[in-house]
Amino acid sequence: MDFLRWLFYLEGALTIAIAILAIFVLPDFPENTRWLSAEGRALALRRMVEDSGVGDEQQTEGRGSGLWLAVTDVKVWWMSLALASQLVGLSFNAFFPTLSATLGYNATVSLLLCAPPFVFSVIVSAFLSHHSDKAGERFYHIAGSFCLGIMGFIIAISTMNTAARYVSLFLMAQSYAGLIVFYAWMSNTFPRSPSKRAVALAFINAFSQLGNIAGSYVWPSAWGPTYRNSYAICISTSGFAIILSTAFRQYLISLNEALDREEEEKGIKVKGIRYML
């Protein structure tokens with residue numbers, strides 16, 4: 001137990017140290033980044049314009065205004081709740097060695113068996129993220145990954161067969177691919193202003209940690225070794241996240257249609273930026 005405590009101390013210390021370093025290393029905008037060449041700066045600005053329709057820090061209204069714009073935007077709260085719900089569904093991650101141990105192997109083998117599902121998750125995440133960017137689509141990539149995770153939960157509930165439960169761990173682990181695409185969807189949804197975008201992304205991430213807090217109580221040892229109740233909770237929260245995301249997509253469609261009508265009324269021929277669905 002003392003070894004684990006020191007491990008957490010070291011991990012936390014490294015995270016804090018890197019976060020402090022990032023304050024001085026991470027750039028705010030391409031225009032005030034000293035280490036970019038003129039060509040690199042122009043490319044970064046062009047990519048920002050293509051991605052969200054904004055390209056420089058002059059469009060920010062100030063920190064206070066950005067905070068107000070973020071907390072009064074229903075999209076921020078919508079995505080916050082969806083992400084918090086999904087993080088409850090992903091709470092198995094903190095208890096993965098315990099779930100691996102239910103396969104019936106000794107401690108060493110159980111720990112080794114934790115690695116392959118997350119190697120698989122990395123591969124799926126790289127593919128899904130790349131395909132989502134290439135297709136310019138978010139929702140179905142997110143929902144597809146979450147649905148596969150739910151399938152894994154259902155398999156784990158249904159049987160204690162060793163092979164089937166280990167396959168279920170792979171399906172659960174790949175749910176992180178959908179989470180990564182969800183983060184990209186968050187960024188796409190709040191392109192302007194830069195101050196609002198910064199506050200919105202930070203607020204959604206902070207609020208969603210309520211899901212991690214709740215998730216820590218989802219896996220009591222009394223529910224083992226089947227953990228059927230735990231898996232049922234994960235199915236419910238992942239399903240709720242999909243429902244919220246579905247409704248959110250429909251809401252963005254209505255906003256895009258409103259922008260279409262506005263441009264048509266004004267006689268604008270070149271289509272502007274739209275919300276990514």
Side-chain angles (χ1 to χ4, degrees), residues 15 18-19 22 26-29 44 47-48 50-54 66 69-71 73-94 118 120-150 172-215 234 237-249 251-252 255 273-277:
T15 302
I18 293 174
L26 288 179
D28 293 322
F29 299 95
R47 284 177 173 172
M48 290 178 66
E50 290 177 347
D51 181 55
S52 60
V54 294
L69 289 172
V71 298
D73 189 340
V74 67
K75 296 192 297 296
V76 172
W77 295 95
W78 208 324
M79 299 201 88
S80 297
L81 185 58
L83 184 57
S85 180
Q86 183 56 26
L87 287 181
V88 177
L90 294 173
S91 60
F92 65 84
N93 174 54
F118 283 101
F120 176 70
S121 179
V122 170
I123 296 171
V124 175
S125 297
F127 171 78
L128 197 69
S129 300
H130 175 75
H131 190 272
S132 177
D133 285 342
K134 186 175 181 180
E137 196 281 333
R138 301 298 187 207
F139 168 75
Y140 289 112
H141 290 79
I142 295 168
S145 176
F146 290 173
C147 285
L148 285 177
I150 290 176
M172 294 178 209
Q174 66 76 42
S175 297
Y176 275 92
L179 181 67
I180 291 170
V181 179
F182 190 94
Y183 280 124
W185 201 17
M186 285 165 45
S187 182
N188 297 139
T189 304
F190 304 101
R192 61 171 72 88
S193 64
S195 56
K196 176 186 175 181
R197 175 191 178 95
V199 175
L201 297 182
F203 180 87
I204 295 171
N205 274 296
F207 183 92
S208 68
Q209 296 312 302
L210 293 174
N212 278 327
I213 295 173
C234 290
T237 55
S238 292
F240 186 54
I242 293 173
I243 292 171
L244 286 174
S245 297
T246 302
F248 186 68
R249 181 178 184 273
Y251 178 64
L252 293 184
L255 293 180
I273 297 297
R274 296 291 184 270
Y275 290 105
M276 186 175 291
L277 304 177

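All values derive from a computational prediction rather than experimental measurement. All residue numbers in this chain count up from 1 along the given sequence.
A donor-acceptor pair under 3.5 Å is absent between the side-chain atoms of Arg138 and the main chain of Leu277, judged by distance alone. The main-chain N or O of Ala82 is never found under 3.5 Å from a side-chain atom of Ser85 such that the two would form a donor-acceptor pair. For Ser132 (side chain) and Ser129 (main-chain N/O), no donor-acceptor pair under 3.5 Å exists by modelled atom type. At least one donor-acceptor pair under 3.5 Å links the side chain of Gln174 to the backbone N or O of Ser145. Checked by atom type and distance alone, the side chain of Asp73 never pairs as donor or acceptor with a backbone atom of Leu69 at under 3.5 Å. Side-chain N or O atoms of Thr237 include one that pairs as donor or acceptor with a backbone N or O of Gly89 at under 3.5 Å. Panel note: side chain Ser245, backbone Ala241; a donor-acceptor pair is recorded below 3.5 Å. In this structure a side-chain-to-backbone donor-acceptor pair under 3.5 Å is present from Ser208 to Asn205.
Side chains of Leu90 and Asn93 form no contact here, defined as non-hydrogen atoms less than 4.5 Å apart. Using a 4.5 Å heavy-atom threshold, the side chains of Met79 and Thr189 count as touching. Here the side chains of Leu83 and Leu179 are in contact, with some heavy-atom distance below 4.5 Å. Met172 has its side chain out of reach of Leu148: every pair of non-hydrogen atoms, C-beta onward, lies at least 4.5 Å apart. You'll find the side chain of Val124 reaches within 4.5 Å of the side chain of Phe120, heavy atoms only. Using a 4.5 Å heavy-atom threshold, the side chains of Ile242 and Ile150 count as touching. Phe240 is not listed as a side-chain neighbour of Val88, based on a closest heavy-atom distance of 4.5 Å or more. At least one side-chain heavy atom of Trp77 sits under 4.5 Å from a side-chain heavy atom of Phe203.
The structure places CG of Leu81 at 6.0 Å from CZ of Phe207, a figure rounded to the nearest 0.5 Å.
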Verdict with reasoning, Tyr176 to Val122, per side chain to side chain contact (heavy atoms under 4.5 Å, CB included): CA-CA 8 Å; Tyr176 275 92; Val122 170; over 6 Å; no

Starting from the C-alpha separation in whole Å, work towards a yes-or-no answer on side chain to side chain contact (heavy atoms under 4.5 Å, CB included) for Leu201 and Tyr183. CA-CA 9 Å; Leu201 297 182; Tyr183 280 124; over 6 Å; no

Assess the residue pair Glu137 and Met276 against the criterion (side chain to side chain contact (heavy atoms under 4.5 Å, CB included)); give the C-alpha distance rounded to whole Å, side-chain angles, the decisive distance to 0.1 Å, and a yes or no. CA-CA 6 Å; Glu137 196 281 333; Met276 186 175 291; 5.9 Å; no

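Taking the side chain to side chain contact (heavy atoms under 4.5 Å, CB included) definition, one finds that Tyr251 meets it with Val74, Lys75, Trp78, Ser254, Leu255, sequence neighbours left out. In terms of the side chain to side chain contact (heavy atoms under 4.5 Å, CB included) criterion, residue partners of Ser125 (sequence neighbours excluded) are, by chain and number, Ser121, Ala177, Ile180.
The two atoms that bring Phe146 and Ser175 nearest to each other are CE2-O, 3.6 Å, heavy atoms only. Considering every non-hydrogen atom in both His141 and Ala135, the closest pair reads CE1-CB, 4.3 Å.
Checked against Phe248 for a side chain to side chain contact (heavy atoms under 4.5 Å, CB included), the options Phe139, Trp185, Tyr275 give a single hit: Trp185.
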